[in-house]
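For reference, the structure is listed below as structure tokens.
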Amino acid sequence: MADIDYRSQHLQEAKAERRQKRLTAEWTREWWFRLLALLFFTELIVPFVLWKAGLPASTDFLKEIAAAAVVGFVFAFMLLRDRIPGAILLILGITIIWGVLALLEGQAVSATAWGWWRLFKYPLIGIFAYLIPRWPPDFARWFFRFCVALLIFEIGVQLVQFAMGAPPGDSLAGTFPWKGVGAFTMFVFFVVCLGFGHWLAPHQARWMLLIIALGAVGSMLSVTKFYLMALALLGVAALVLHLVRGGRFRQLFLYIVLFGLSGAVFLPVYNNFIATTRGLKPLQEYLNMESIEGYLFNDGKGDEDGKYNLGRGLAITYAWQQISSDPITTLFGFGLGSRTSSTALNVAGRGLDDDIYGGVNTATLSTWIQEFGLVGMGLFMLMNIWLAWKMIRHARHTNDPYLATLEYGLSLFTLLWPLWLWYQKPWVSGVMMILYWVGIGFVFRQINQKPKRRPQVAGRERAAIVPADDFLS
């Protein structure tokens, strides 16, 4: 029997270890990372520079070019690898059904194409992330810490703006320009979900409490009164998930106490620091029925664009009235892009022509109800439930705490998509959407990755190997 060449084996193991360290240290030099970094930069910094230069939002076209480059690589990947992910087939089906429906309604092809791009731009970036063959082993930890560092940076920019005399409000939103409080708030909620995910995965509350505190500071400066309500709903969802997976009651009790204390601190600070200085009502006065009804069913015009700013409750009621004209429209809506417009491209969806308000500013949920009807919204909810179920299931078995952090955090954010769509226009909040869909693509790459087969070891060599569990016991 030939002797085993242990020297050659050790050399191969050392070479593989050096290669792994080199990949870990140099993955930021990979072309795919640089392309994603360019796209993220065009969403985060370029709009802020244009805003400070006094240019209108319609001049911000660089992010569309960068996104188109990423989407081009998606289709190039599929051609080179001769592989079509299932998500592409889903996109194709939605395009055929709701795109044809819009064209049958007499909508221009350009408006339908623009609506398609607005709907699928960021999900295609997620498919690009999924198609990346080799992710670095520490990417989940890097991603989580990057999101926290970016939140700290944005809060720092807010504080600098406030110190320079900018009043708290819609324009005090860090590097998010053109009254970017909506996009800033969605980014804050996304990072808060990751904070809850970090508490659910390694059971560490320090990062979660830090993120909640940072979110409270940023929300006070941007006068986001919805922060406490969303935080409460996120907390309830995290508690349910904690109980379902068999969490300890003692940790749950401590968590409830800490959450209550954070609310007790937020209320007086907001009332004394923001409400008093800006002449606003204290936060508790927004909770009476008259204030809630006025908030939900407001129909006043905006001061700048002259469009009606419908309250979130009135917007849903209006959307339902619009699609209730006949059964087909109720089920499928007016079609892809029918409520989408672009000033720079001079295109507008067919549904805007029949708008009794002459153009309205509403959250995305109202728009999607009119474009996709009950069938489309039901399909969207089923996809969210499936995504969350896959991630939660994998998080319970992975040995990587940071991967579990991303999976739990992304699951919480995914399950609450109806809330985000009701509150804001998150589907066009570029910074948050890039982080979300890159996270989704990375996580599902790990979920669907086939485990590597362990090489067969000769009998004498196998006997000399001590299992790790036995060695450590």
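Predicted model only: the values in this text are computed from it and were never measured. Atoms considered below: every heavy atom in the structure, side chains included; atoms not considered: hydrogens, waters and symmetry mates.
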Revision key, fill the gap. Rounding to 0.5 Å, atoms OG1 (T367) and CG (L119) come to a distance of 12.0 Å
Check your understanding: Closest heavy-atom contact between L416 and L234?
Key -> CD1-CD2, 3.2 Å
**Study point:** Audit row: S110, W114, side chain to side chain contact (heavy atoms under 4.5 Å, CB included) steps and yes/no
**Key:** CA-CA 6 Å; S110 58; W114 179 244; over 6 Å; no
Review point. Looking only at heavy atoms, what is the nearest atom pair of A395 and A404, with distance?
Key: O-CB, 3.9 Å
Check your understanding: Quick one: are F226 and L419 in side-chain contact, heavy atoms under 4.5 Å?
Key -> yes
Practice item. Give a yes or no on this: more than 12 heavy atoms of other residues, nucleotides or ligands lie within 6.0 Å of atom CG of L92. Key: yes
Review point. What are the two closest non-hydrogen atoms of G313 and W422, and how far apart are they?
Key: N-NE1, 4.5 Å
Practice item. Please tell me if the side chains of L210 and R206 come closer than 4.5 Å, counting only heavy atoms from C-beta onward. Key: no
Review point. For the residue pair W417 and Y436, does the interplanar ring angle fall in the parallel (under 30°), tilted (30 to 60°) or perpendicular (over 60°) class?
Key: perpendicular
Exercise for review: I would like to know whether Y227 and T185 meet side chain to side chain contact (heavy atoms under 4.5 Å, CB included); could you show each step before the answer?
Suggested key: CA-CA 8 Å; Y227 178 75; T185 302; over 6 Å; no
Point to revise | Check ion pair E407-K390 (N to O, under 4.0 angstrom) | key: no
Practice item. Taking Q107 for its side chain and L336 for its backbone only, find out whether a donor-acceptor pair lies under 3.5 Å. Key: yes
Check your understanding: Less than 4.5 Å apart, any side-chain heavy atom of F184 and any of T175?
Key -> no
Review point. Any side-chain heavy atom of F187 sitting closer than 4.5 Å to one from S429?
Key: no
Review point. Going by atom types only, do T42 and E64 share a side-chain donor-acceptor pair under 3.5 Å?
Key: no
Exercise for review: Output yes when a side-chain donor or acceptor of E105 lies under 3.5 Å from a complementary backbone atom of F334, and no otherwise.
Suggested key: no
Check your understanding: Pairs in or reaching into residues 226-240: which pass salt bridge (Lys or Arg N to Asp or Glu O under 4.0 Å), with residues at least two apart or in two chains?
Key -> none
Check your understanding: Does L374 reach the side chain of W320, with side-chain heavy atoms less than 4.5 Å apart?
Key -> yes
Practice item. Look up atom CE in M229 and atom OH in Y423, then write down how far apart they are to the nearest 0.5 Å. Key: 10.0 Å
Review point. Do other residues, nucleotides or ligands put more than 12 heavy atoms under 6.0 Å from F146 CZ?
Key: yes
Point to revise | V70 vs L124, side chain to side chain contact (heavy atoms under 4.5 Å, CB included): CA-CA, chis, key distance, verdict | key: CA-CA 8 Å; V70 175; L124 285 169; over 6 Å; no
Check your understanding: Should F372 and L379 count as side-chain neighbours, where that means a heavy-atom distance under 4.5 Å?
Key -> no
Point to revise | W135 and F442 aromatic centres sub-6.0 Å | key: yes
Practice item. Verify the neighbour count for atom CZ of F33: are there more than 12 heavy atoms of other residues, nucleotides or ligands below 6.0 Å? Key: yes
Check your understanding: Can you find a pair of side-chain heavy atoms, one from M391 and one from F444, that are under 4.5 Å apart?
Key -> yes
Point to revise | Test log, rule side chain to side chain contact (heavy atoms under 4.5 Å, CB included), inputs M383 and L90 | key: CA-CA 10 Å; M383 287 189 294; L90 178 63; 2.9 Å; yes
Practice item. Answer yes or no: is there a side-chain heavy-atom contact under 4.5 Å between L231 and F189? Key: no
Practice item. Would you please say whether a donor-acceptor pair under 3.5 Å links the side chains of Q424 and T364? Key: no
Practice item. Compare every heavy atom of T224 with every heavy atom of V181, then report the nearest pair and how far apart it is. Key: CG2-OG1, 3.7 Å
Check your understanding: Looking only at atom types and distance, does a side-chain atom of W32 sit under 3.5 Å from a main-chain N or O of I132, one as donor and one as acceptor?
Key -> no
Check your understanding: Are a donor atom and an acceptor atom from the side chains of N448 and Y130 found within less than 3.5 Å of each other?
Key -> yes
Check your understanding: Which of parallel (below 30°), tilted (30 to 60°) and perpendicular (above 60°) describes F144 and W207?
Key -> perpendicular
Practice item. State the CH2-CD1 distance between W199 and I212, to the nearest 0.5 angstrom. Key: 10.0 Å
Point to revise | Centroid-centroid under 6.0 Å between Y408 and H198 rings | key: no
Practice item. Give a yes or no on whether the backbone of L172 and the side-chain of Q158 come within a donor-acceptor separation of less than 3.5 Å. Key: yes
Review point. Ring centres of W427 and W420 under 6.0 Å apart?
Key: no
Practice item. Kindly state whether the ring of F75 and the ring of F128 have centres lying under 6.0 angstrom apart. Key: no
**Study point:** Side-chain donor/acceptor of S222 to backbone N/O of G218, under 3.5 Å
**Key:** yes
Review point. Say you draw a straight line from CG of L131 to CZ of R445; how long is it, rounded to the nearest 0.5 Å?
Key: 7.5 Å
Review point. At what distance, to the nearest 0.5 angstrom, does CG of L221 lie from CD1 of I155?
Key: 7.0 Å
Exercise for review: Report the C-alpha separation of Q322 and T329 in whole Å, then their side-chain angles, then the decisive distance to 0.1 Å, and conclude whether the side-chain hydrogen bond (donor to acceptor under 3.5 Å, both in side chains) test is met.
Suggested key: CA-CA 9 Å; Q322 290 290 96; T329 305; over 6 Å; no
Practice item. Locate the shortest heavy-atom distance separating V192 from I211; write the atom from each residue and the value. Key: CA-CG2, 3.6 Å
Review point. Once you round to the nearest 0.5 Å, how far does CE of M208 lie from CG of L200?
Key: 9.0 Å
Practice item. Mind listing the closest non-hydrogen atom pair of A67 and L39 along with its distance? Key: N-CD1, 3.6 Å
Review point. Are W368 and F380 close enough that their ring centres sit under 6.0 Å apart?
Key: yes
